[in-house]
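None of these values were measured; they are calculated from a predicted model. Labels below follow one simple rule: chain letters A, B, ... track the order of the sequence lines, proteins then strands, and each chain is numbered from 1.
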Amino acid sequence: MATHAAHHDDHDHKPGFVDRWFFGTNHKDIGTLYLLFSLLMFFIGGSMALIIRAELFIPGMQIVNPEFFNQMTTVHALVMIFGAVMPAFVGLGNWMIPLMIGAPDMALPRMNNWSFWILPFAFLMLLSTLFMDGGGPAGGWTLYPPLSLQGGNSMPFVIFAIHMMGISSIMGAINIIATILNLRAPGMDLLKMPVFVWTWLITAFLLIAVMPVLAGAVTMLLTDKFFLTSFFNAAGGGDPVMYQHIFWFFGHPEVYIMILPAFGVVSEIIPTFARKPLFGYQAMVYATASIAFLSFIVWAHHMFTVGMPLGGELFFMYATMLIAIPTGVKVFNWVSTMWKGSMTFETPMLFALGFVVMFTIGGFSGLMLAIVPADFQYHDTYFVVAHFHYVLVTGAVFSIMAAAYYWLPKWTGVMYSETLGKWHFWLSTFFVNLLFFPQHFLGLAGMPRRIPDYNIAFSDFNMWSSIGGFGFGLSQLLFAWIVIKSARGHGPRATAQVWEGAKGLEWTVPSPAPHHTFTTPPVIDDRVLAHGDVTH
Amino acid sequence: MTPRRVLAALAILALTAVQAQANPEPWQLNMSPGVTETSRMVYDIHMLILWICVVIGVLVFGAMGYAILKFRKSKGAVPAKWSHNTTAEIIWTVIPVLILVGMAWPATNTLIHMADTDDAELTVKITGYQWLWRYEYVGTDVNFVSKLDRDSDRTRMLGSGLNPADVRTGDQNTYLLNVDNPLVLPTGTKVRFVITANDVIHAWWVPVLGWKQDAIPGFINEAWTRIDTPGTYRGQCAELCGKDHGFMPIVVEAVPREQFDAWLAQKDAEAKAAATAANVPATGDALAVVQ
Ligand SMILES: [Cu+2]
């Protein structure tokens with residue numbers, strides 16, 4: 001018995017490459033796999049965006065035909081949402097949640113391995129459709145029927161890929177809930193957890209609630225196409241608008257699935273670099289929960305132009321406007337955290353501050369879009385494209401980069417070059433605004449989204465936008481370089497604390513974090529927590 | 001310059017100004033106020049929310065910028081210990097609620113105004129097809145399709161070698177914004193649209209009318225307009241509808257009521273004559289078969 005225990009305590013036990021990376025169940029390794037996969041998808045999805053921006057550089061069709069253009073917009077969105085943003089947050093959750101709550105690993109490590117390894121196959125299948133006869137899906141990532149039913153042979157593959165992504169997400173979410181609810185170190189009460197853990201807990205419930213809804217919607221598409229059902233076919237007694245209702249019942253919570261963990265990340269970083277506890281910790285938690293609740297009753301604001309009755313339009317408008325309140329609370333709390341702090345501006349802080357400003361801009365355009373009569377003008381224009389890229393790129397993606405810069409020294413044990421990190425931030429910020437800000441103007445001037453070509457009146461801002469797109473894309477090579485250099489251990493050694501103002505359990509373990517951490521639960525001291533009003 | 005000439009010049013200027021706001025222009029930054037009461041209401045709401053957002057943005061980003069400049073470690077700032085302030089939290093929850101109510105009020109009124117399709121003097125049925133529009137003037141035989149003009153169509157082909165800047169109508173570039181048969185509508189008249197589609201979902205959108213409406217196969221949506229000023233107003237299909245989604249523009253030709261009535265009567269007569277002409281040989285053939 002003694003020898004058995006001794007064997008298990010041997011942390012230097014090194015599994016082989018295949019055992020470790022393919023069959024491993026360690027939360028840190030799986031987190032790393034998720035993050036690397038996400039980075040790869042970010043570049044693949046990004047290349048598709050660059051094909052789009054290249055075609056839109058000047059008016060006239062120069063590079064691709066409209067069919068391929070539509071495949072690019074569709075697959076770009078699917079890859080970025082399901083391949084880049086969601087796996088990045090799952091990766092961050094995998095790596096950091098056990099470290100932040102003092103757990104030895106995820107609660108369900110084998111399932112963890114499975115939920116990751118489904119993903120590469122799902123995306124291989126999705127991307128393979130681009131090489132099939134008839135090409136990939138071209139009806140938009142929302143797959144609205146009847147258009148999506150016109151697609152070629154790609155459709156069943158796309159739907160199967162979406163099913164696999166959904167299963168992966170649901171398993172990841174179950175794992176996160178099980179971990180947070182069962183494996184917290186003694187003394188880590190729910191209302192003492194870091195906000196990042198809270199936002200992930202709530203996100204995980206959203207995932208479990210809505211991924212099956214998406215699975216149902218796309219399965220009905222499948223049977224409409226291949227098994228003669230008429231769920232969405234008016235000629236057979238179905239309703240194409242019903243698809244949109246079901247899809248957005250998934251789709252709107254999905255938006256918060258991609259932004260709530262981002263709120264969590266930023267709520268960790270700002271207190272660290274302001275050297276001041278997070279302002280209004282409990283308000284942050286309740287605001288997150290209210291946003292999650294509201295996300296279930298606003299779905300039809302994506303479809304104000306389908307011809308809903310007046311009462312329906314009004315309900316969804318009012319409900320959507322309400323979201324501005326908890327979101328505003330969050331922004332005010334971040335600013336108040338900075339107020340009377342003692343701030344420094346290392347790369348993670350820059351990205352977090354960039355997040356606050358640019359996410360808020362996306363929030364403003366979101367509020368504008370909630371106003372139904374105005375939405376009749378904005379809907380399906382470049383104004384919407386600008387809006388959701390502000391929340392997803394300068395919002396979610398910036399927070400992911402902030403998180404990567406924040407925790408990279410903990411993961412790799414070395415400090416990256418602050419100079420390069422800052423270059424990456426300023427280049428990204430300049431180009432991303434050049435890329436997306438003019439799209440507001442294009443939309444207001446009347447340019448619809450998802451068009452491969454446009455009138456001369458739209459040419460100047462499209463050219464700016466394309467230049468911004470290429471600049472932003474190329475700037476990300478710098479990010480890849482910084483990550484790879486750190487991962488290979490180049491750079492000065494990082495301390496366990498890493499950042500002067502950092503608080504929380506993850507900073508009590510050495511850098512790089514050992515393969516196994518918290519095999520015995522840590523003792524929680526309220527003073528190491530990153531937020532203030534938990535002690536009373 | 002004689003006073004008369006000045007007047008004429010002013011009139012031309014005023015006309016071009018109206019013309020200029022009617023269709024997208026290079027460097028256009030904002031929504032057009034449009035050419036209907038509805039579109040102006042929508043524009044006003046848009047500007048109201050925009051300014052509210054700008055003011056909130058200036059306050060929030062201003063506070064943030066001040067904090068960033070003032071509370072720096074490099075300036076010797078010592079972090080405060082507090083982490084909440086109930087009064088502040090109540091204030092910044094309640095004030096946004098009031099602001100939202102202030103936005104919701106005009107939005108609700110405008111929406112009610114837009115939803116009222118009663119008392120229209122003319123009904124036009126719009127049907128979206130991949131990739132053209134069909135217009136039917138209900139109660140007449142006038143019924144035609146409207147699709148991308150030839151010039152644009154030639155130019156938009158991949159590698160056509162033609163310059164989109166050369167597609168012009170008068171002094172305007174109308175690349176991808178021109179059609180063979182525009183929808184002719186009377187000014188000063190409440191026109192009701194019933195909108196549907198034949199294959200996939202499209203959306204009928206002319207920005208200066210102030211709204212867009214989805215055209216959904218198997219369903220009929222309603223919308224209405226009352227155009228104030230004669231002119232040519234351009235728009236596009238706004239819902240992804242397949243490969244040529246970007247190539248199914250909409251052109252509304254708004255003309256004074258009398259001119260419209262004359263046009264409609266003439267088109268109706270032509271349509272009825274064509275229908276009769278088409279029927280005569282058909283009957284003849286049938287007889288021939290019987291004989
Ligand atoms: Cu269309």
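Remark: side-chain polar atoms of A/S342 are paired, donor with acceptor, to backbone N or O of B/A77 under 3.5 angstrom. Proximity of a side-chain donor or acceptor of A/N455 to a complementary backbone N or O of B/L177 within less than 3.5 Å is not detected. The backbone N or O of A/A283 sits nowhere less than 3.5 Å from a side-chain atom of B/E89 that would complete a donor-acceptor pair. Listed for the A/K340 side chain is no donor-acceptor partner under 3.5 Å among the backbone atoms of B/F71. Between the A/Q62 side chain and the B/L158 main chain, no donor and acceptor come within less than 3.5 Å of each other. Counting only distance, with no hydrogens or angles, the side chain of A/K276 and the backbone of B/K81 share no donor-acceptor pair below 3.5 Å. At least one donor-acceptor pair closer than 3.5 Å links the side chain of B/N221 to the backbone N or O of A/V306.
The greatest number of non-hydrogen atom pairs below 4.5 Å with chain B, out of A/G341, A/A234, A/G307, is found for A/G341. Top candidate by heavy-atom pairs under 4.5 Å with chain B, chosen from A/I371, A/V357, A/V335, is A/V357. Between chain A and the options B/L176, B/L111, B/I112, B/V42, the largest number of non-hydrogen pairs under 4.5 Å is found for B/L111.
Ring-plane geometry between A/F364 and B/F61 is classed as perpendicular, the angle between the planes exceeding 60 degrees on a 0 to 90 degree scale with a lower cut at 30.
Taking the side chain as every heavy atom from C-beta outward, B/W205 and A/T381 approach each other to under 4.5 Å. Using a 4.5 Å heavy-atom threshold, the side chains of A/M61 and B/M157 count as separate.
Contacts between A/Q71 and chain B at a heavy-atom distance below 4.5 Å are absent for every atom of the residue.
The six-membered or imidazole ring of B/W27 lies near that of A/F461, with a centre-to-centre distance under 6.0 Å. Taking the six-membered ring for Trp and the full ring otherwise, the centers of A/Y378 and B/W211 sit at least 6.0 Å from each other.
Judged by a 6.0 Å distance limit and a 45° cone about the ring axis, B/K70 is not positioned over the six-membered ring of A/W339.
A/P373 and B/I45 make their closest contact through CG-CD1, 4.1 Å (heavy atoms, listed as atom of the first residue, atom of the second, distance).
One distance of note links CD of B/Q28 with CG of A/D460; it measures 12.0 Å at 0.5 Å rounding. To the nearest 0.5 angstrom, B/N30 atom CG is 12.0 Å from A/H440 atom NE2. Here the CG-CG distance, from B/D244 to A/D453, works out to 11.0 Å after rounding to the nearest 0.5 Å. The SG atom of B/C241 sits 14.0 Å away from the OH atom of A/Y144 when rounded to the nearest 0.5 Å.
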